[in-house]
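First the structure, in the form of structure tokens, and then the observations on it.
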Amino acid sequence: MQTRGAVIRQAPGKFEVVDLELDDPGPGEIQVKMAASGLCHSDDHIATGDIPVGIYPFAGGHEGAGVVTAIGTGVRGFAEGDHVVFSFLPGCGRCRWCATGQQNLCDLGATLLIGSRWDNPEDFRLSLDGRPVGQMCGISTFCETTTVAVESAVKIPDDIPLDKACLLGCGVGTGWGSAVNSAEVRPGDTVIVMGIGGIGINSVQGARHAGATNIIAVDPVAFKREKAQELGATHSAETIEEATELAKEMTNGQGADSAIVTVGVTKPEHVAQAFTAIRKAGTVVVTGLGDITEVGLPIAISELTLFQKRLQGALFGASAPSFDILRQVQLYQDGVLKLDELITKTYSLDQIQQGYQDMHDGKNIRGVIRYD
């Protein structure tokens, strides 16, 4: 069938909405009519070339939700009409990582930036003018209809609004888990969240849920600092230097228990600044992405060793999507996890470039494409 989708033809480049050919679902696959897709910064990293991909054109989008419209052979647990949230990281349930509770590191993720089917790097579900088109994370939520492997889908209750649930596919779990799982925030902690966008705002929520006493939101944009305080931050700062002094004042000079780096374009100096802000035996969680070819952190090895500080990477907040997405649905139903408040503005697919411009201009916590 044909579908409209937003693709990058080269990097650096801009998203362009085109007509694509889409495969019917094969064995182990479902086809989904999209309801909504979040505008995550990671897709902008694809457009700028910070994150190179294996093939162009490349269809973007990795945070989305929709309704199942067709089922491939051998599919169990899904039916036409089911509501699903996509996990941008698939989970096979069988590899070492899935079997040890680290589903976010599933081996199926090896081809996410190639955009092909998991079992064949030469086999693509999308094409344009006879040329293969890669799917971002194997799902491409910037398409009106998409075909995906069942390992990338989580069925949710039908009464959850899909334009809110789409955020659970990346931003919410990544930010929330960065605090709860990766930073291991505990009651009474002092936490710095560095960068308040679609990820950082959920690190604030996660730190609040985990019982942190002091949550310092750092962002140069006043609107974002204000939004962070609405969703759980106790303090805000324009710079990391200001946040570091605040944390020391709160802890008798020791520093923050943890600092979570969720800067939109993360650079080595951001990690170093966070490292300086934490106490002895504290934790820096690095969640943000930038130029993935950049190497090196300007930190003192002696400080790492003698102060026993910890540097911790976080992919999807170290979550298990097939469980955590449903847990977050329940938290949303209970009024504990805020989703509606995360969405600053909605766009049509044809307005995708405006959505990303608004993100760069600091106008959005999270923009969402709605496929009405």
Side-chain angles (χ1 to χ4, degrees), residues 14-15 38-45 47-48 50 63 164 167 170-172 174-176 178-179 183 190-208 212 214-247 250 256 258-274 276-277 284-291 314 317 337-347 351-369:
K14 293 185 177 181
F15 282 106
L39 294 171
C40 185
H41 205 133
S42 295
D43 293 286
D44 188 66
H45 286 307
T48 62
D50 281 348
E63 182 182 83
K164 312 302 189 298
L167 303 178
C170 175
V172 172
T174 299
W176 190 88
S178 291
T190 294
V191 180
I192 292 173
V193 179
M194 191 176 172
I196 305 299
I199 306 299
I201 195 70
N202 289 298
S203 293
V204 168
Q205 289 208 79
R208 177 173 59 85
N214 302 306
I215 304 168
I216 307 169
V218 184
D219 202 285
V221 179
F223 154 68
K224 294 186 175 184
R225 298 195 301 272
E226 292 164 6
K227 195 69 175 178
Q229 293 199 259
E230 290 175 19
L231 270 74
T234 59
H235 301 77
S236 64
E238 189 171 346
T239 67
I240 184 60
E241 291 80 11
E242 182 185 348
T244 301
E245 289 308 309
L246 271 173
M250 296 167 177
S258 57
I260 304 168
V261 182
T262 53
V263 178
V265 182
T266 298
K267 296 183 178 296
E269 56 264 32
H270 296 135
V271 180
Q273 290 164 343
T276 300
V284 170
V285 174
V286 184
T287 304
L289 288 169
D291 181 350
L337 179 67
K338 307 299 184 185
L339 297 182
D340 303 50
E341 295 83 353
L342 301 178
I343 301 171
T344 313
K345 189 174 180 180
T346 59
Y347 304 86
Q351 294 173 314
I352 186 170
Q353 277 303 134
Q354 183 60 53
Y356 275 114
Q357 187 59 54
D358 288 346
M359 182 196 74
H360 283 293
D361 291 343
K363 296 178 179 179
N364 282 350
I365 294 296
R366 184 59 111 216
V368 168
I369 293 173

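What's counted below: heavy atoms across the whole structure, side chains too, no hydrogens, waters or symmetry copies. Small disclaimer: the values here were computed from a predicted structure and weren't measured.
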key: Test side-chain contact (heavy atoms from CB on, under 4.5 Å) applied to Ile199 and Ile260, step by step   = CA-CA 10 Å; Ile199 306 299; Ile260 304 168; over 6 Å; no
Heavy-atom closest contact ([X] atom, [Y] atom, distance):
{"X": "Gly355", "Y": "Asn364", "result": "O-ND2, 3.9 Å"}
{"X": "Ala179", "Y": "Gly206", "result": "CB-C, 3.9 Å"}
{"X": "Gly200", "Y": "Val193", "result": "O-CG1, 3.5 Å"}
{"X": "Asp50", "Y": "Gly290", "result": "CB-O, 3.5 Å"}
{"X": "Val204", "Y": "Gly232", "result": "CG1-C, 3.8 Å"}
{"X": "Val218", "Y": "Ala243", "result": "CG2-CB, 3.4 Å"}

task = Fit a plane to each ring of Tyr356 and Phe15, take the angle between them on a 0 to 90° scale, and name the class: parallel (under 30°), tilted (30 to 60°) or perpendicular (over 60°).
result = parallel
ask   = Checking side-chain contact (heavy atoms from CB on, under 4.5 Å) for the pair Glu230/Lys338: CA distance, chi angles, key distance, verdict?
value = CA-CA 10 Å; Glu230 290 175 19; Lys338 307 299 184 185; over 6 Å; no
For the backbone of [Y] and the side chain of [X], can you confirm whether one donor and one acceptor N or O come within less than 3.5 Å of each other?
{"X": "Arg208", "Y": "Ala233", "answer": "no"}
{"X": "His45", "Y": "Gly264", "answer": "yes"}
{"X": "Asp219", "Y": "Val221", "answer": "yes"}
{"X": "His270", "Y": "Lys267", "answer": "yes"}
{"X": "Gln205", "Y": "Leu337", "answer": "no"}
{"X": "Thr344", "Y": "Gly367", "answer": "no"}

Separation between [atom1] of [X] and [atom2] of [Y], rounded to the nearest 0.5 Å:
{"X": "Ile240", "Y": "Thr276", "atom1": "CD1", "atom2": "OG1", "value": "9.0 Å"}
{"X": "Gln273", "Y": "Glu269", "atom1": "CD", "atom2": "CD", "value": "6.5 Å"}
{"X": "Thr190", "Y": "Met250", "atom1": "OG1", "atom2": "CE", "value": "6.5 Å"}

Any heavy-atom pair between the side chains of [Y] and [X] that's under 4.5 Å?
{"X": "Arg225", "Y": "Ile196", "result": "no"}
{"X": "Ile352", "Y": "Leu39", "result": "yes"}
{"X": "Leu289", "Y": "Thr266", "result": "no"}
{"X": "Val368", "Y": "Leu167", "result": "yes"}
{"X": "Gln351", "Y": "Ile369", "result": "no"}

query = Does Arg366 come within less than 4.0 Å of Glu63, counting only side-chain N to carboxylate O?
reply = yes
query = Among side-chain atoms of Ser203 and Thr262, is any donor-acceptor pair under 3.5 angstrom?
reply = no
note = For residues 231-244, the salt bridge (Lys or Arg N to Asp or Glu O under 4.0 Å) pairs (sequence neighbours left out) are none
Name of the residue among Lys224, Glu341, Met359, Lys345 meeting side-chain contact (heavy atoms from CB on, under 4.5 Å) with Ile365 = Lys224
